[in-house]
There are 2 protein chains.
Amino acid sequence: MPTAKSTASTADKTGSHAGTRADANPDAGVETAARPKRTRGGPKGLRITDVAAQAGVSPITVSRVFNSPESVAPETLERVRQVVQKLGYVPNRLAGGLSSSRSRLVAAIVPTIAHSLFSETIQVFSETLSRAGYEVLLALSGYSASSEESLLDTVLSRRPEGVLLTGVAHTDSLRERLANVGIPVVETWDTTATPIDMLVGFSHYEIGAAVAQHFLERGARRPALISANDARALARRAGFRERLAQAGIVAVAEEIVAPPSSVAVGKRALPDLLARAPGTDAVFCGSDLLAIGALGAARQLALDVPGQLKICGFGDLEFATETAPQLTTVRVDGTRIGVSAARFLLDRLNGESARGEHHEHRVIDVGFTVLAREST
Amino acid sequence: MPTAKSTASTADKTGSHAGTRADANPDAGVETAARPKRTRGGPKGLRITDVAAQAGVSPITVSRVFNSPESVAPETLERVRQVVQKLGYVPNRLAGGLSSSRSRLVAAIVPTIAHSLFSETIQVFSETLSRAGYEVLLALSGYSASSEESLLDTVLSRRPEGVLLTGVAHTDSLRERLANVGIPVVETWDTTATPIDMLVGFSHYEIGAAVAQHFLERGARRPALISANDARALARRAGFRERLAQAGIVAVAEEIVAPPSSVAVGKRALPDLLARAPGTDAVFCGSDLLAIGALGAARQLALDVPGQLKICGFGDLEFATETAPQLTTVRVDGTRIGVSAARFLLDRLNGESARGEHHEHRVIDVGFTVLAREST
DNA sequence: CTGAAAGCGCTTACAG
DNA sequence: CTGAAAGCGCTTACAG
């Protein structure tokens with residue numbers, strides 16, 4: 001039993017907080033007379049005209065300092081930059097984006113970033129894009145397609161220049177909408193013969209088949225499944241069952257669990273599964289967390305893993321190999337997915353000079369690896 | 001040794017992709033003559049005027065349908081909504097934000113979301129905010145303060161209405177800048193007597209002290225440290241060392257590792273540490289990943305954990321308790337941090353009617369728990 | 001290399 | 001409950 005020693009404390013302190021909003025127009029100088037009659041809400045921040053006035057140039061020149069510094073005379077550049085620095089001016093990209101139709105925003109729609117490999121994908125995706133001057137708008141869809149679609153509208157209202165999607169199971173209206181806006185789209189973490197645009201992923205069906213094969217080769221005769229029932233889980237299930245069917249195994253016990261998957265859920269699922277299918281000698285779990293939970297349950301049931309019961313997870317939680325060598329897992333390169341997805345988008349965004357009707361329909365299958373320690 | 005069985009494959013397919021951008025102005029009708037002479041870039045998307053024309057109302061009314069539907073006559077509302085639906089109109093929030101000074105954006109600046117508890121915080125933070133109509137702009141700072149500061153400018157250019165920051169160690173100029181823009185700020189994952197604005201966190205110093213105490217109570221005489229040297233790690237280190245010093249232990253071996261921390265890094269660090277400090281009988285690791293790596297190394301060295309060597313991690317990787325019961329860890333409620341941070345921001349954003357100079361300086365200490373299985 | 005004018009697509013603040 | 005006018009803070013497309 002865990003012994004908890006807690007120093008938890010909760011305190012709400014209240015103090016004063018002086019409004020420190022800086023004067024919006026230090027040295028507005030000559031611009032003063034030109035101030036609009038209509039003040040829409042209190043003092044706004046600095047505007048490009050404030051910088052321009054101070055630097056003795058036009059607003060256009062200040063704009064160029066940010067967007068095409070090479071087209072500005074070195075002296076002017078320096079002078080403007082100093083004013084920017086001194087005033088602490090930060091351009092308003094809402095205005096800039098509206099004016100230029102370049103939001104410099106890329107949206108990423110993923111089911112979740114908690115406890116999941118998607119977080120790794122988003123991490124590198126974001127790093128790669130930010131190096132290229134883009135920012136990432138993160139949208140978490142949970143695991144429902146309808147939620148994904150309503151999120152898309154929210155996201156499109158920011159006019160992103162590209163979109164990363166998770167999976168390939170999208171509603172028709174989402175696909176249509178995306179086609180209409182005409183921005184580059186990358187689907188990730190799955191594969192299909194009919195991507196919306198570009199794709200970086202792998203086959204869940206093949207994974208299911210490979211895990212079934214793995215179990216079969218090790219003598220399993222009654223493999224079972226513990227997983228959620230989202231599109232990708234169902235694809236793995238299909239591959240798993242079909243490979244087993246080829247080997248003459250058609251009765252495959254299944255325990256469907258609701259997301260989010262966790263160790264606790266896996267721990268509860270295994271006994272339930274075994275109660276219904278006592279002869280089970282192998283279990284393919286929908287995630288490493290579930291697999292670890294199942295392993296814990298197996299331990300309590302005094303089952304030898306992998307001797308009596310083989311357990312395979314999915315997702316490669318790095319630690320799994322270290323702390324639970326009895327488990328088999330399926331490794332997927334989430335980092336490569338994120339980097340490749342970002343590059344695909346950037347290539348399209350940069351090559352836009354061709355403004356073309358014809359784009360490359362790029363697809364990468366990053367594959368996967370079934371990882372098992374044969375001997376410990 | 002792991003046996004890899006790979007079906008990895010990489011393929012780049014190229015196909016045609018017809019430009020499917022929809023006609024920007026289906027039924028522009030009466031508006032046609034009023035089209036601006038200057039076409040800035042090809043066909044733009046639908047505008048609010050397109051919807052207005054189709055619905056036979058003014059643009060303002062369409063705007064109200066989205067922003068204050070209760071102020072629109074039911075019939076009008078319905079009619080406009082049908083046109084919106086039919087046309088697939090999505091309002092442009094760049095324009096809306098510019099015009100209203102309400103970006104409906106909240107920025108989150110975190111070091112990383114890969115393999116970390118921050119991802120859990122960001123997950124619930126994002127969920128909570130999106131329910132309230134805000135979206136999250138994610139900015140990954142790595143672990144450097146200078147990078148955090150330059151990121152802030154990038155982020156501020158989107159005019160977010162609130163900001164979540166990780167930690168409390170920020171440069172003065174960042175603090176000043178944030179004070180100047182006057183938006184609500186929540187610092188998280190640490191604590192301080194002088195927050196910029198609001199704070200939801202816990203004391204890393206206290207954690208260090210509590211872990212030292214834990215080790216001491218279990219008879220450790222030569223505790224050591226494996227961790228990074230960011231601000232929070234240093235605070236834990238300080239608490240750890242000072243509590244040990246009180247017990248007369250002043251020589252504390254330390255192995256500083258560069259982020260990102262991982263199992264592999266921990267596995268390498270322990271032997272190095274033991275080479276320099278052979279008598280070590282307890283190690284406080286900066287993360288659970290490091291602790292698991294150290295545990296693996298200890299196993300290879302045939303050291304009994306926790307008998308000969310106690311190992312404590314940090315961060316509560318949920319699985320750790322299940323797969324590595326020999327480890328002690330420090331549990332922190334990342335979910336509560338995310339939810340509370342979001343609520344703090346929302347409370348401020350909603351109570352803005354008071355447009356006040358005086359704000360509550362809210363602080364929550366969510367505490368932590370040292371978790372150890374005493375018997376297995 | 002630099003600038004005056006017009007416009008990006010919305011919403012605010014009045015009116016009625 | 002609805003609308004005409006003005007403006008949000010930038011950038012584009014010309015000129016020079």
Side-chain angles (χ1 to χ4, degrees), chain A residues 24-25 31 34-53 55-80 84 89-104 156-159, chain B residues 24-25 31 34-53 55-80 84 89-104 156-159:
Chain A
N25 285 303
E31 292 292 89
R35 271 322 264 294
K37 328 98 224 293
R38 193 170 126 227
T39 317
R40 302 173 52 151
K44 295 294 171 49
L46 292 165
R47 294 155 313 188
I48 202 169
T49 50
D50 298 319
V51 175
V57 296
S58 74
I60 315 163
T61 299
V62 178
S63 172
R64 290 198 182 101
V65 167
F66 286 99
N67 301 312
S68 53
E70 71 286 355
S71 72
V72 177
E75 281 180 22
T76 314
L77 194 62
E78 177 60 16
R79 187 153 34 96
V80 172
V84 166
Y89 170 73
V90 177
N92 183 332
R93 282 211 172 177
L94 296 175
L98 174 60
S99 186
S100 66
S101 300
R102 306 269 284 121
S103 66
R104 290 269 164 202
L156 288 181
S157 73
R158 308 281 176 189
R159 300 298 187 259
Chain B
N25 284 303
E31 292 291 87
R35 270 323 262 297
K37 328 99 226 292
R38 195 170 124 224
T39 316
R40 302 173 51 151
K44 294 294 172 46
L46 291 165
R47 293 154 314 187
I48 202 169
T49 50
D50 298 317
V51 176
V57 296
S58 74
I60 316 162
T61 299
V62 179
S63 172
R64 288 198 184 99
V65 168
F66 285 98
N67 301 311
S68 53
E70 71 285 355
S71 71
V72 177
E75 282 181 22
T76 314
L77 194 61
E78 178 59 17
R79 186 154 33 98
V80 172
V84 166
Y89 170 71
V90 177
N92 183 332
R93 282 210 171 178
L94 296 175
L98 175 62
S99 186
S100 67
S101 300
R102 306 269 283 120
S103 66
R104 291 271 165 198
L156 288 180
S157 73
R158 309 280 177 190
R159 300 298 186 260

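Computed from heavy atoms alone, side chains included, the values below leave out hydrogens, waters and symmetry copies. To find a chain, count down the sequence lines: A is the first, B the second, and so on, and within it residues start at 1.
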Each base of DNA chain C marked ( ) or [ ] if paired in-strand (Watson-Crick or G-U under 3.5 Å), | if paired to another strand and . if unpaired gives |||.||||||||.|||

Residues of residues 56-63 of chain B with a heavy atom under 4.0 Å from any atom of DNA chain C, listed by number, are B/I60, B/S63

Qualifying residues under side-chain hydrogen bond (donor to acceptor under 3.5 Å, both in side chains), relative to [X], sequence neighbours excluded:
X      : answer
B/S63  : B/N67
B/R158 : A/E135
B/R102 : B/E161
A/T76  : none

message = For D/dG3, does the base pair up with any side-chain atom of B/R64 as donor and acceptor (N or O, under 3.5 Å, distance only)?
response = yes

On a plain distance test, is the side chain of A/T49 in donor-acceptor contact with the base of D/dG9 below 3.5 Å? no

Tell me: [atom1] of [X] to [atom2] of [N], nearest whole Å?
X      : N      : atom1 : atom2 : value
A/R93  : D/dC10 : CZ    : P     : 12 Å
B/N92  : D/dC10 : CG    : P     : 16 Å
A/R102 : C/dG9  : CZ    : C1'   : 18 Å
A/I48  : C/dA5  : CD1   : C1'   : 15 Å

Between the CD atom in B/E70 and the CG atom in B/L77, the distance rounded to the nearest 0.5 Å is 9.5 Å

Q: Would you check if A/V90 and B/R159 make a side-chain contact, meaning some heavy-atom pair closer than 4.5 Å?
A: yes

- Message: Contact between A/L98 and B/N92 at the side-chain level, heavy atoms closer than 4.5 Å - yes or no?
- Response: yes

Of the candidates D/dC8, C/dA13, D/dC10, the side chain of A/S99 sits closest to D/dC10

Checking C/dT12, D/dC1, D/dC10 against the side chain of B/S100 (C-beta onward), the nearest is C/dT12

Notebook entry, point to check: So, is B/Y89 close to the C/dC10 phosphate, meaning a side-chain N or O under 4.0 Å from OP1 or OP2?
Noted result: yes

It should be established whether A/N67 places a side-chain nitrogen or oxygen under 4.0 Å from OP1 or OP2 of nucleotide D/dT11. yes

(request) Carefully, step by step, assess B/V84 and B/F66 under the rule side chain to side chain contact (heavy atoms under 4.5 Å, CB included). (result) CA-CA 10 Å; B/V84 166; B/F66 285 98; 3.9 Å; yes

Sequence neighbours excluded, the answer for side-chain contact (heavy atoms from CB on, under 4.5 Å) partners of A/I60 is A/S58, A/R64

Students often get this wrong, so: under 4.0 angstrom with heavy atoms, is B/F66 touching a base, only sugar-phosphate, or nothing?
nothing

